Asker: 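Mind having a look at this structure? Questions to follow.
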Amino acid sequence: GLGLDGDISFVNRAGAELLGYTPEEMQGMDLHLAVHHTRADGTPYPRDDCPILRASRTGAGVGRDTEVFWRRDGTPFPVEYSSHAIVDVGGDIKGTVLTFTDITDRRREEEAIRALNTALLNTKEELEQANLLKSDFLATMSHELRTPLNAIMGFAGLMQGGLAGEVTATGRDYLERISRNASVLLALINDVLDLSRIEANRMPLSPRVVDVRVIMRQVIENMQALA
């Protein structure tokens with residue numbers, strides 16, 4: 001409790017020890033001069049600006065959690081405090097009741113959360129940049145793969161059409177496999193590009209019916225060529 005002049009009239013042992021004193025030592029001390037004289041940034045805290053003492057003058061309650069109190073040894077610690085005027089039955093202000101809590105642990109947790117949020121934001125930005133680079137790489141590589149693949153398919157088609165001379169039955173079979181596998185590879189390249197479009201939410205859906213038996217025959221033929 002504080003008197004009208006801001007002198008301490010009562011303090012419990014827990015509060016006194018938090019400030020580095022005994023209750024007896026704090027009795028009669030000027031609270032502002034003892035523990036609230038300087039702001040957290042080291043600048044002086046004018047007595048007239050003190051919200052705690054203002055409650056004694058105006059009768060209005062006040063609460064803060066952005067200031068510091070100073071211990072006996074000169075070290076500060078963050079506090080959350082509330083101050084309310086003591087008013088008698090006649091409406092006269094007789095003093096102030098002050099309660100405060102050391103919020104050092106809370107501030108550490110808040111700082112840790114801010115640091116974690118900053119790290120997560122940085123990681124998010126790095127992942128987004130990596131994703132852009134990946135998409136650019138896929139687009140470039142897909143284009144570079146398509147060019148020679150189209151040439152392979154084109155020349156295979158010319159040979160199948162006999163434009164490069166007579167082709168044996170075995171040669172035609174090989175050319176058909178070349179064309180078929182080149183088509184499969186081209187489809188895979190298109191699938192890669194489709195994945196990039198899906199990630200960018202620019203992939204239109206085009207559902208269609210497929211014959212699983214045809215796909216299985218192609219797989220079997222391709223595997224036989226490797227046996």
Side-chain angles (χ1 to χ4, degrees), residues 40-42 64-68 76-80 101-227:
D41 61 5
R64 295 285 189 277
D65 65 355
T66 57
E67 299 183 355
V68 298
F77 63 95
V79 292
E80 180 178 14
T101 304
D102 182 349
I103 57 172
T104 300
D105 290 340
R106 186 203 301 178
R107 287 288 179 262
R108 286 179 184 148
E109 292 170 359
E110 291 171 349
E111 182 60 33
I113 291 172
R114 282 193 293 270
L116 179 59
N117 286 338
T118 299
L120 290 174
L121 181 60
N122 291 338
T123 300
K124 175 178 175 290
E125 292 174 350
E126 291 172 0
L127 290 174
E128 288 175 346
Q129 181 62 26
N131 190 54
L132 289 175
L133 293 175
K134 181 202 70 174
S135 297
D136 291 341
F137 172 78
L138 290 175
T140 300
M141 288 303 298
S142 297
H143 173 73
E144 295 299 326
L145 289 172
R146 275 179 169 183
T147 300
L149 190 57
N150 284 329
I152 291 171
M153 295 174 67
F155 283 117
L158 291 176
M159 293 180 69
Q160 285 176 304
L163 296 180
E166 186 68 26
V167 180
T168 64
T170 301
R172 282 194 298 273
D173 179 58
Y174 289 165
L175 287 171
E176 288 176 1
R177 296 190 183 195
I178 290 172
S179 297
R180 185 166 58 251
N181 283 285
S183 297
V184 171
L185 184 55
L186 183 60
L188 290 175
I189 293 172
N190 289 332
D191 287 343
V192 170
L193 291 176
D194 287 344
L195 286 174
S196 298
R197 294 191 188 101
I198 291 171
E199 290 178 347
N201 293 321
R202 293 182 298 181
M203 179 63 184
L205 294 178
S206 55
R208 57 195 175 96
V209 178
V210 297
D211 190 337
V212 178
R213 293 171 297 180
V214 173
I215 296 175
M216 293 304 299
R217 279 198 299 269
Q218 291 175 349
V219 171
I220 292 171
E221 290 175 0
N222 292 338
M223 295 304 295
Q224 286 176 339
L226 298 175

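All figures in this text were calculated on a predicted structure; none of them were measured in a lab.
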Asker: Closest heavy-atom contact between P78 and D102?
Answerer: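 Closest approach of P78 to D102, heavy atoms only: O-OD1, 3.5 Å.
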Asker: Rounded to the nearest 0.5 Å, what's the gap from OG on S183 to CG on L149? Could you check?
Answerer: 8.0 Å
Asker: Count the heavy atoms belonging to other residues, nucleotides or ligands that lie under 6.0 Å from CE of M153, then report whether that count exceeds 12.
Answerer: yes
Asker: What is the distance from atom CD1 of I113 to atom OG1 of T118, rounded to the nearest 0.5 Å?
Answerer: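 Here the interatomic distance stands at 11.5 Å.
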Asker: Measure the shortest side-chain to side-chain distance between D65 and R107 over non-hydrogen atoms and say whether it is less than 4.5 angstrom.
Answerer: yes
Asker: Hey, what do you get for CG (L121) to CD (E126), rounding to the nearest 0.5 Å?
Answerer: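 One finds 10.0 Å between CG of L121 and CD of E126.
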Asker: Please tell me if the side chains of R114 and E111 come closer than 4.5 Å, counting only heavy atoms from C-beta onward.
Answerer: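 R114 vs E111: side chains touch.
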Asker: Measuring from atom CZ of F77 to atom OG1 of T101, what distance do you get when rounded to the nearest 0.5 angstrom?
Answerer: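 Answer for the CZ-OG1 pair, F77 versus T101, is 9.5 Å.
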Asker: Rounded to the nearest 0.5 Å, how far does CD1 of I178 lie from CG of D173?
Answerer: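 If we round to the nearest 0.5 Å, D173:CG and I178:CD1 are 10.0 Å apart.
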Asker: Salt bridge check, E176 against R172: does any charged N sit closer than 4.0 Å to a carboxylate O?
Answerer: no
Asker: As an exercise, state the distance from CG of L127 to CD of E125, rounded to the nearest 0.5 Å.
Answerer: 10.5 Å
